[in-house]
Number of protein chains: 2
Amino acid sequence: MLPEIGQQRVIIEGVSPEVDAGRYAIKRVIGEPVIVEADIFVDGHDALTCMLLYQRSGDKTWQTTEMEPLGNDRWRGTFCPSAMGTMLYTIQARVDHFRTWQRNLHKRIAAEQDVSVDLLIGADLVEQALQRATDAGAKGDARRLSSIVRHLRDARSPAKAVQAALNPDLLELSNRFPDLRYAVTYAKELPVTVDRERARFSAWYELFPRSTATTPDTHGTFADLEARLPYIASMGFDIVYLPPIHPIGVQFRKGKNNRVQAEPGDVGSPWAIGGAGGGHTAILPQLGTLDDFRRVVQRAKALDLEIALDIAFQCSPDHPWLKKHPDWFRQRPDGTIQYAENPPKKYQDIYPINFENDDWENLWKELRDVMLYWVKQGVKVFRVDNPHTKSFRFWEWAIAEIRAKHPDVIFLSEAFSRPRIMYNLAKLGFTQSYTYFTWRNSKYELTEYLTELTQTEVKEYFRPNFWPNTPDILHAFLQHGGLPACKIRLILAAMMTASYGMYGPVLELGIVTPREPGSEEYLDSEKYQLRYWELDQPHSLHDLIARVNQIRRTNVALQSNHNVIFHPTDNEQIICFSKHTDDHSNRIVVVASLDPINAQSGWVGLDLAALGIDSHPYHVHDLLADATYLWNANSWNYVELNPQHLPAHIFRI
Amino acid sequence: MLPEIGQQRVIIEGVSPEVDAGRYAIKRVIGEPVIVEADIFVDGHDALTCMLLYQRSGDKTWQTTEMEPLGNDRWRGTFCPSAMGTMLYTIQARVDHFRTWQRNLHKRIAAEQDVSVDLLIGADLVEQALQRATDAGAKGDARRLSSIVRHLRDARSPAKAVQAALNPDLLELSNRFPDLRYAVTYAKELPVTVDRERARFSAWYELFPRSTATTPDTHGTFADLEARLPYIASMGFDIVYLPPIHPIGVQFRKGKNNRVQAEPGDVGSPWAIGGAGGGHTAILPQLGTLDDFRRVVQRAKALDLEIALDIAFQCSPDHPWLKKHPDWFRQRPDGTIQYAENPPKKYQDIYPINFENDDWENLWKELRDVMLYWVKQGVKVFRVDNPHTKSFRFWEWAIAEIRAKHPDVIFLSEAFSRPRIMYNLAKLGFTQSYTYFTWRNSKYELTEYLTELTQTEVKEYFRPNFWPNTPDILHAFLQHGGLPACKIRLILAAMMTASYGMYGPVLELGIVTPREPGSEEYLDSEKYQLRYWELDQPHSLHDLIARVNQIRRTNVALQSNHNVIFHPTDNEQIICFSKHTDDHSNRIVVVASLDPINAQSGWVGLDLAALGIDSHPYHVHDLLADATYLWNANSWNYVELNPQHLPAHIFRI
């Protein structure tokens with residue numbers, strides 16, 4: 001079939017960034033540049049003009065910026081999103097006959113050829129631009145173009161004509177009135193999800209509100225939590241994430257240490273959501289009232305903290321939805337409802353939602369409305385529990401629905417699943433994602449993993465959030481390494497990715513006893529019982545954490561991930577990596593020991609060119625220990641790290 | 001916006017092969033498998049059934065084959081095209097509740113759990129399949145399903161019920177009547193261009209018909225060419241490619257050695273197409289008549305040769321189109337037509353077509369009809385001259401138009417241009433492509449380039465055709481290396497890619513004198529004058545070429561490119577690579593010297609595992625020298641190559 005406009009000659013392909021052929025959005029925060037590249041070419045030798053087009057989704061017109069050739073038919077242009085929401089970008093390219101003509105004229109004149117006919121060709125081209133200069137505002141330009149046409153056609157003053165033709169401003173002037181008849185626009189409009197700064201750069205602190213009481217064996221309340229907030233703020237965190245705060249089921253309630261039978265007084269798991277008091281929009285009475293919760297949110301805000309809630313779309317056997325919407329669950333032939341299971345394991349305290357049910361529209365809306373309800377209470381950050389066990393399409397729809405009105409809402413995906421599933425959830429809209437960091441402990445593993453996350457296409461849509469520990473994951477490295485291991489993993493998490501989080505007070509107090517050997521569960525886990533934490537202890541990592549978070553806040557290089565570079569060391573137990581701003585005005589080099597038991601020493605070979613350091617000796621200032629060293633630019637440099645003291649240097653150069 | 005079917009839970013992404021998100025077709029020949037892979041997954045723990053769907057474009061129904069899981073959510077399926085034309089493929093995947101149920105039942109029984117309710121769930125699932133078994137032909141299956149439902153529901157014989165439930169055939173039976181309500185079909189139908197075998201595997205011989213006369217200073221004719229065909233056939237070629245056979249322009253005709261002024265009697269360049277006798281569908285009278293040409297085509301066919309014509313869409317100043325369609329060319333303000341140029345260079349003997357003209361529809365049809373005219377004369381192979389200086393969209397349309405009726409037509413792209421342009425032309429439909437091989441002479445260059453062509457996505461659409469020489473390219477390596485260099489490059493071209501070609505008799509006679517030092521042009525090039533070639537000379541490579549082509553014909557491994565492997569040698573002047581069939585039944589190892597002057601020796605370390613060789617000593621038989629060696633499987637092996645004799649081993653293992 002013949003195309004509509006056969007004169008279109010330009011090809012645009014190989015556009016990047018582009019996630020799954022434009023099916024999914026890339027992610028940026030306000031002010032973070034979108035650098036667009038493409039292969040653009042035409043038959044023959046004509047010159048091109050290539051424009052990057054961008055707009056806020058729904059705008060009537062495109063903003064434009066000219067792309068620059070990088071060589072070998074690759075072009076690049078950049079724009080910066082200025083507001084939250086969705087932006088679109090695409091590319092328009094055209095054969096630029098005026099540019100071709102001016103380029104060739106230079107060559108002809110250099111070769112001392114007769115250009116009299118060429119000047120007339122140029123006059124025609126400028127005259128065509130003049131004919132397109134019809135806007136009222138273009139009168140001045142039209143006068144200039146008209147004057148140039150006269151010069152070009154004036155055979156009596158060839159020198160003046162040539163001068164007019166080669167005027168470097170003429171290309172820009174002519175291109176204000178481009179011939180777009182045969183311009184080619186890339187077939188796809190590619191989306192960008194634009195978030196607020198916190199989506200990229202955030203420090204999370206997880207704690208169980210019910211364990212914040214000031215006396216042992218007492219159920220903590222929102223008032224206790226409120227009183228705890230200044231302590232969290234003093235460590236420099238941004239987000240306080242709370243496990244579910246809803247009524248907890250009574251039927252099949254789990255006992256301490258996940259025992260199948262609860263004993264009287266056992267408080268149950270907060271993730272067994274729903275009871276007599278209600279479901280996902282209700283509050284566990286022992287914690288307080290909705291007003292109490294709102295006060296927590298307000299108090300947090302005053303401390304520059306945000307409250308994050310847990311979205312766990314599953315039900316205890318006592319959840320009101322089981323009665324109200326039995327068709328949202330899978331029925332068994334014996335009349336019971338299907339509990340969660342991973343055969344042969346059974347989880348009878350939890351009922352999963354059946355996303356294949358016929359009433360899915362009402363289900364989806366109800367789930368969305370749960371989140372909107374909490375948004376209304378002032379919550380703008382959600383940590384979503386096991387999103388990979390709920391319908392992917394639901395998340396894509398729900399996140400888009402919520403962000404359409406509340407583009408400042410942040411969703412953290414807690415999917416410890418297979419790689420493609422974790423990446424897909426990020427593509428579908430999750431703002432940040434938990435990662436495999438907790439299980440990546442060797443230098444090789446950490447290097448490979450962080451490189452995959454920051455130096456491949458994954459970086460366009462997947463924002464990693466590194467956690468040294470969670471209530472579900474007490475890694476063997478921490479169990480065996482104790483407090484020094486907690487320090488190592490905290491510093492790695494906080495330095496490696498712009499977003500990180502920790503589960504406290506467990507981490508700062510160095511609580512690392514597993515339920516049983518080989519288990520990643522904590523002994524006497526807060527998931528199933530109240531805990532009382534004595535915070536004011538000499539070994540607490542409070543001050544170290546505060547220092548680390550302050551370093552993150554005062555060094556812009558640590559607030560994004562794209563400039564991570566690994567540097568060689570001669571010791572497999574010492575890892576070295578750096579982050580720097582594009583202009584090299586801020587440069588951080590982290591040298592960390594991976595050994596929580598023994599002191600380690602070795603030599604570090606920095607890639608100075610990548611860091612923008614010339615070949616003179618340079619000072620490195622350890623922001624953790626507040627010490628300065630003079631390093632030699634022409635050799636490797638020596639480091640010695642003692643895990644009992646400080647297992648890492650955080651150098652500013 | 002809510003989706004239409006919210007119960008669809010499966011995600012299909014990362015499909016390969018897929019060229020530019022399905023915008024372009026992959027290429028295969030009849031019988032060559034299409035191996036399709038994709039990332040397919042679902043929320044939670046349900047089992048999937050994934051089907052590869054394929055059809056001839058335009059068919060009403062899809063053929064299907066089940067895909068196999070490769071692990072980590074990657075799936076694979078394969079089909080083989082059985083006819084020329086366009087095929088389509090896509091993927092359909094669904095949550096398979098029956099498969100999930102049977103898998104879980106195995107686990108429950110292994111854990112000795114009560115499965116009475118599970119058997120009833122299974123009965124429901126089988127009953128649903130039974131309800132879908134409504135086709136007349138499904139009566140037998142329906143009876144079997146019905147009987148199984150009875151067993152599963154029979155609480156009195158639980159052992160029999162379990163036996164029926166776990167029957168491995170039951171899954172296959174149930175899946176004959178799948179529940180497709182929530183099945184997900186991949187959004188794209190991906191195209192495959194299916195060619196005949198020759199598109200993949202071909203040996204080309206280029207010669208100038210006008211230089212085939214049997215006496216010097218005589219213009220060769222089609223009759224002379226006819227007489228030359230047995231000689232070409234005796235060397236084992238498949239395709240005889242002729243430079244343009246049309247009338248040659250008189251105005252601005254180029255003289256010998258590309259002199260600007262022709263002298264009386266100069267025959268001009270065959271690429272300056274068009275004269276008093278006509279244009280692209282006419283024949284130069286000195287060559288003969290259309291009937292003479294048809295005889296050449298017939299005689300070639302009888303010798304198992306095909307004639308390839310040159311499609312060079314440009315005009316001499318005497319071409320009839322200039323008068324009939326002046327609007328197809330660019331007019332200059334002085335009333336002349338714009339000749340070809342690359343400023344400051346001018347090519348006044350050639351007028352390029354202006355693809356931006358308003359009469360482009362008629363232009364496109366005329367150009368297409370030129371090719372269809374020659375198809376009608378029996379020509380099914382075209383070598384297209386400089387396609388990258390004509391509109392890309394034209395080629396895409398024209399090739400599709402011609403292939404719609406003549407899917408056996410082969411187009412070779414002669415675009416010695418930048419990489420993205422060469423690859424794009426292949427995407428647009430060119431069957432085979434010239435490459436940079438002529439300029440890749442070192443071991444590193446050859447290894448990198450062939451790896452790019454055969455081990456990356458490029459292999460899906462770009463079929464390389466390696467040429468040691470062409471009338472435009474006499475590389476310095478040949479100029480300095482003489483006949484031994486011709487041997488080396490011929491063997492490399494013929495062994496490295498399934499399609500290759502050479503420009504003769506120049507190559508077999510070792511004609512390597514350039515027009516001037518530093519030039520890639522031949523002295524007294526056939527492009528501008530008649531040449532008389534004395535073929536029967538003792539140094540002719542005729543016999544070597546015949547041997548090489550016979551080796552290609554008798555060793556299937558050499559007839560495709562995907563199994564190229566490079567093996568290490570300890571000498572930068574010795575290259576070693578292999579090709580093998582997937583089943584290892586045919587294995588060819590080439591060891592070639594890259595030095596045309598001195599003898600070279602060294603050690604070769606074959607990757608035996610890749611070649612499917614175990615750790616015993618093995619015989620290698622040199623098909624060129626007809627010699628056999630016993631090679632040691634546990635060490636490297638010694639080779640010695642003398643360019644004056646044979647610069648390469650072609651081993652069959």
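Residue numbers begin at 1 in each chain, while the letters A, B, ... track the order of the sequences.
At a 4.5 Å heavy-atom cutoff, the contact between Y24(B) and chain A is made by side-chain atoms alone. Interface remark: V95(B) contributes side-chain atoms only to the contact with chain A (heavy atom separation under 4.5 Å).
In this structure, the side chain to side chain contact (heavy atoms under 4.5 Å, CB included) partners of L166(A), at least two apart in sequence or on a different chain, are L105(A), H106(A), I109(A), V162(A). For F329(A), the ring-ring contact (aromatic ring centres under 6.0 Å, His included) test picks out no residue, with sequence neighbours left out.
The line from CZ of R9(B) to CD of E356(A) is 4.5 Å long, rounded to the nearest 0.5 Å. The CG atom of L2(A) sits 5.0 Å away from atom CD of E361(B), with the distance rounded to the nearest 0.5 Å. Once rounded to the nearest 0.5 Å, the distance linking CD1 of I11(B) with CZ of R393(A) reads 4.5 Å. Note that CG of L120(B) is 9.5 Å distant from CZ of R332(A), once rounded to the nearest 0.5 Å.
Smallest separation of non-hydrogen atoms from F392(A) and V42(B): CE1-C, 3.5 Å. Here the shortest heavy-atom pairing between Q113(A) and P344(B) reads NE2-O, 2.7 Å.
Screening D43(B), D39(B), D73(B) for a salt bridge (Lys or Arg N to Asp or Glu O under 4.0 Å) with R418(A), the sole residue that qualifies is D73(B).
Comment: R108(B) engages E341(A) in a salt bridge, judged by a side-chain N to carboxylate O separation of less than 4.0 angstrom.
Per-residue counts of heavy-atom pairs under 4.5 Å with chain B were compared for D118(A), D46(A), N342(A), D334(A); the largest is that of D334(A).
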